[in-house]
There are 2 protein chains.
Amino acid sequence: MCNAIENRDLGRLAELATVVDIAPGRVFIEEGGAADSFFNVTAGTARLFKLLPDGRRQITGFAGSGHFLGLAMSTVYAFGAEAIDQVRVCRFARPKLLRLLDDFPAMEKRLLDVASGELIAAQEQMLLLGRKTARERLASFLVARGRTGVAREHTRILLILPMTRGDIADYLGLTIETVSRTFTRFRIEGLIALPSSSEVLLLDAPALQQLGDGLNWRRQLT
Amino acid sequence: MCNAIENRDLGRLAELATVVDIAPGRVFIEEGGAADSFFNVTAGTARLFKLLPDGRRQITGFAGSGHFLGLAMSTVYAFGAEAIDQVRVCRFARPKLLRLLDDFPAMEKRLLDVASGELIAAQEQMLLLGRKTARERLASFLVARGRTGVAREHTRILLILPMTRGDIADYLGLTIETVSRTFTRFRIEGLIALPSSSEVLLLDAPALQQLGDGLNWRRQLT
DNA sequence: CGCACACTTGAACCCCCTCAACCCAAGTGG
DNA sequence: CCACTTGGGTTGAGGGGGTTCAAGTGTGCG
């Protein structure tokens, strides 16, 4: 079912939506393709990305449950989207949705809120990409993941990362190797533990927070 | 007068607005400050930026005439704003504006469009900051400036840049020196001319376009 | 005239990238 | 059951694009 949109008051929305399941690795939004659909992720995680002609990739975000996709009031998609794991989305035909927006100003306000939030996140990411070091980038990433947090026990936070090192690298403007090396250094420094390659246990979230905020420039144990 | 908002139909808006003139160098939006106002730039150019504690700065955009500021539906500003040259804005008290939005759904739709456009631009900038080389970044910047273009004569385009090299550097995630050196290289390669330090004449816009899009990896005359 | 500020240019360095090898777990097929 | 493959991850050595540090060049304005 298509929850996560808003309160049940908008039951009529469900009539316009079709549930779609997307297999891992499947690209379901093509950058530059006609933007005829609007999506609401209800399960799984997708990577959103932009490409350069020679293959360089920038991941602009990860869309998890509750995330909206394609809200850009544009005729073509500005980015691609690809399922990381098994993804389920609610798909809306854009023309119907737009017509519906006129009847539900509350929905429009909600979308504006969402877009504003995304804009703020995008500006934060620009700061990260333009001015932070590799250590700071990864620390910011881990702390941000911890906030939309999963299992937290005391001061420790266990993250489960559905994306690969390559995804993280392309999200943070680094290479796979640098991400891997930085993970290792964090582990050596006692900031994190790595139970498995897709799990990260934050051992010192405050220190990581400071590091990500650009405060720490101590603790450079090389 | 406060034009540039929309069509004259919204004359009532003007009643809520106060025109404010801002001297060059003046910070009129403080990052983290209470977001009690909404601005519409009507003259001049402002830099929008985020700071790290140690002074590192990322400029997230330049706001020229017609640009909206503070549309983030947030309680605090996510970025600072500083006048580059003499700036004139329309200032709206946020509470009044929000109340007004309920009466004018068209206005809300307009804001959603604006936010969507900014989001697309932000994603493009993430690609630039995360994956492009210094040459590609500067080329992208110049071409983008050319599109919101000023005087264009034949195939040549004359840009007048109100911002300093430092601003450009902080916008592109580079240093002043790299920006300056890249300007010089472009000049030597015949891509641009530099009548003065604040003027750039694009001599080969298509080549710059390709370079900025990540196509050119020829023309590396070192 | 001279200070301030922006810009340019040069030389040395360094953080991160590139290239390459290796490890490991999960298939897959003989 | 094991050889082989495949994909993700880690680690090492070397190199390079951009930074850092420093000096020099305008240029507007008191």
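Residue numbers start from 1 in every chain, and the chains themselves are labelled A, B, ... in the order their sequence lines are given, proteins ahead of strands.
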Gap between atoms [atom1] and [atom2], on [X] and [N] respectively (whole Å):
{"X": "B:Lys132", "N": "D:dG17", "atom1": "NZ", "atom2": "P", "answer": "19 Å"}
{"X": "B:Phe183", "N": "C:dA6", "atom1": "CZ", "atom2": "C1'", "answer": "13 Å"}
{"X": "B:Arg165", "N": "C:dA6", "atom1": "CZ", "atom2": "P", "answer": "12 Å"}
{"X": "B:Leu161", "N": "C:dA6", "atom1": "CG", "atom2": "P", "answer": "15 Å"}
{"X": "A:Arg131", "N": "D:dT20", "atom1": "CZ", "atom2": "P", "answer": "8 Å"}
{"X": "A:Met163", "N": "D:dG9", "atom1": "CE", "atom2": "C1'", "answer": "16 Å"}
{"X": "A:Leu138", "N": "C:dC16", "atom1": "CG", "atom2": "P", "answer": "12 Å"}
{"X": "B:Glu136", "N": "D:dG18", "atom1": "CD", "atom2": "C1'", "answer": "14 Å"}

If I pick the C1' atom on D:dG16 and the same atom on D:dT20, what distance separates them, to the nearest angstrom?
16 Å

The side chain of [X] is closest to which nucleotide in this list: [options]?
{"X": "B:Thr175", "options": "C:dC16, D:dT19, D:dT10", "result": "D:dT19"}
{"X": "A:Glu177", "options": "D:dG8, D:dG18, D:dG12", "result": "D:dG12"}
{"X": "B:Ile176", "options": "D:dT11, C:dT8, D:dG9", "result": "C:dT8"}

Carboxylate-amine/guanidinium contact B:Arg26 B:Asp21, below 4.0 Å: no

Less than 4.0 angstrom from a charged side-chain N to a carboxylate O is my criterion; do B:Arg185 and B:Glu189 meet it?
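Salt bridge between B:Arg185 and B:Glu189, a charged N being under 4.0 Å from a carboxylate O: yes.
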
For this session: Evaluate the side-chain proximity of B:Ile192 to B:Leu208: yes if any heavy-atom separation is below 4.5 Å, no if none is.
Result: yes

**Asked** Side-chain contact, heavy-atom cut-off 4.5 Å: A:Phe39 with A:Ile22?
**Response** no

Is there, by distance only and without an angle test, a donor paired with an acceptor across the side chain of [X] and the base of [N] below 3.5 Å?
{"X": "A:Arg181", "N": "C:dT18", "answer": "yes"}
{"X": "B:Arg137", "N": "D:dG18", "answer": "no"}
{"X": "B:Arg135", "N": "D:dG18", "answer": "no"}

**OP:** Give a yes-or-no answer on whether the side chains of B:Ser180 and B:Arg165 include a donor-acceptor pair shorter than 3.5 Å.
**Re:**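 No, no side-chain donor-acceptor contact under 3.5 Å.
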
- prompt: Base, sugar-phosphate, or nothing for B:Gly173, non-hydrogen atoms under 4.0 angstrom?
  reply: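 Sugar-phosphate contact only.
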
Original post:
If you look at every strand shown and take non-hydrogen atoms under 4.0 Å, does B:Thr178 touch a base, only sugar-phosphate, or nothing?
Top reply: base

Note to self: With a 4.0 Å limit, can you tell me whether A:Thr184 has a side-chain N or O closer than that to the phosphate oxygens OP1/OP2 of D:dT11?
What the structure shows: yes

